[in-house]
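Scroll down for the structure; my scribbles are underneath it.
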There are 2 protein chains.
Amino acid sequence: MSPSHIHVPTDCRTVTEILSRVGDKWSVQVVVQLGDSPKRFNELRRLVSGISQRMLTLTLRGLERDGLVTRTVYPTIPPRVDYQLTGLGCSLLKTVRGLGDWAIQNRDEILRARRRFDAAGDELDRQQSDAA
Amino acid sequence: MSPSHIHVPTDCRTVTEILSRVGDKWSVQVVVQLGDSPKRFNELRRLVSGISQRMLTLTLRGLERDGLVTRTVYPTIPPRVDYQLTGLGCSLLKTVRGLGDWAIQNRDEILRARRRFDAAGDELDRQQSDAA
DNA sequence: CCGGATCCATAGTGATACTG
DNA sequence: CAGTATCACTATGGATCCGG
């Protein structure tokens, strides 16, 4: 069955580490783009709009290091490098989609909660102004 | 069916934003601890070992703002404050467990990939030293 | 007991210029 | 085309002191 209820320190550290990967600014977006098919460096750069060359490089290195993508160099002129998801990467993508669906489904409720919270904060600020 | 295949910009921004929450250093750990039962501030502080007072405060405020936890103040002496998961928070916890299970199941494979990658890097470094 | 305010070190990110 | 190198900036997180 599910090992979710086991909370030994080792598991916690592992999970936290993985969540950092998933939570970093670019990794998931890159993985999603690679989900359809392998892609070249500048192809990714165009698809993940807003990413800098440097961050794309760093993100891809990190994913490669963790065995989530493979990097294939064709020694042609001009050089060509393909990135593609490994089996591990594909399985991560599937899992992450669960979270993505949750986010989309609960987006409105979260935004409402934020507005409510921020409005309450403003009200407190006004009360403090009155007291002063 | 699943909306996973929809990739309009709005959804991407939303998903990225939620993923940042999940990926930040403490939010998930706090949510997990609140999964069993409501807890007090210093109770949480002991359970989430390593967290500073400041970060626990900030993390709880963020979760409260997004409607994931509620904050209940009992105006006693000394003061007592309880935090507890909302329905939204519970559903997030369930979803996140999927990722946690994935992390635990694939932990070894990721660690192996890392060792392989780092070893290859060291080898390249040696070759460069030889050339110099 | 709860948490706000401040100071500081560090890590993540971006812009730019340069290389094979 | 696919990177590397450098610099500057900002966000994040920890330590500490203070207050209701």
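Proteins get letters first, then strands, A, B, ... in listed order; numbering begins at 1 in each.
For B/D24, the side chain to side chain donor-acceptor pair (under 3.5 Å) partners at least two apart in sequence or on another chain are B/S27. Evaluation of the side-chain contact (heavy atoms from CB on, under 4.5 Å) rule for B/V31 yields B/L63, B/L85, B/L93 as partners, not counting sequence neighbours. When the side-chain contact (heavy atoms from CB on, under 4.5 Å) test is applied to B/V15, the partners found at least two apart in sequence or on another chain are A/A103, A/I104, B/L19. Residues that satisfy the side chain to side chain donor-acceptor pair (under 3.5 Å) test with A/W102, not counting sequence neighbours, are B/S91. Taking the side-chain contact (heavy atoms from CB on, under 4.5 Å) definition, one finds that B/A113 meets it with B/R116, sequence neighbours left out. The side chain to side chain donor-acceptor pair (under 3.5 Å) search around A/T14 returns B/R107, not counting sequence neighbours.
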What pairs of nitrogen or oxygen atoms, one from the protein and one from nucleotides 5-13 of chain D, lie under 3.5 Å apart?
unit_1, atom_1, unit_2, atom_2, d
D/dG13, N7, B/R54, NH2, 3.3

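You can see that DNA chain C meets the heavy atoms of chain A within a 4.0 Å-exclusive cut from C/dT13 to C/dG20, reading 5' to 3'.
Sorted by first and then second residue, the side-chain hydrogen bond (donor to acceptor under 3.5 Å, both in side chains) pairs with a member in residues 64-77 of chain B read A/R114-B/D66, A/D118-B/R65, B/R21-B/D66, B/R71-B/Y83; sequence neighbours excluded. The side-chain hydrogen bond (donor to acceptor under 3.5 Å, both in side chains) contacts involving residues 45-59 of chain B comprise nothing, where partners must be two or more places apart or lie in separate chains.
Of the possible donor and acceptor atoms, one in the side chain of A/Q29 sits under 3.5 Å from a partner among the backbone N and O of A/K25.
Rounded to 10 degrees, the angle separating the terminal helix axes of the helix from C/dC1-D/dG20 to C/dG20-D/dC1, each built from five base pairs, is 40°.
Contacts of B/Y83 with the nucleic acid, taken as non-hydrogen atoms under 4.0 Å apart, involve only primed sugar atoms and P, OP1 or OP2.
Near-neighbour residues of DNA chain C inside residues 38-48 of chain B, defined by a heavy atom below 4.0 Å, number-ordered: B/R40, B/F41, B/N42.
How far CD of A/Q84 is from CG of A/D36: 13.0 Å, rounded to the nearest 0.5 Å.
Linking Ile, Leu, Val, Met, Phe, Trp and Tyr whenever their side-chain heavy atoms come within less than 4.5 Å leaves A/L34 and A/L47 in two separate clusters.
Two residues are said to be in side-chain contact when any heavy atoms from C-beta on lie closer than 4.5 Å; A/K39 and A/D82 fail this criterion.
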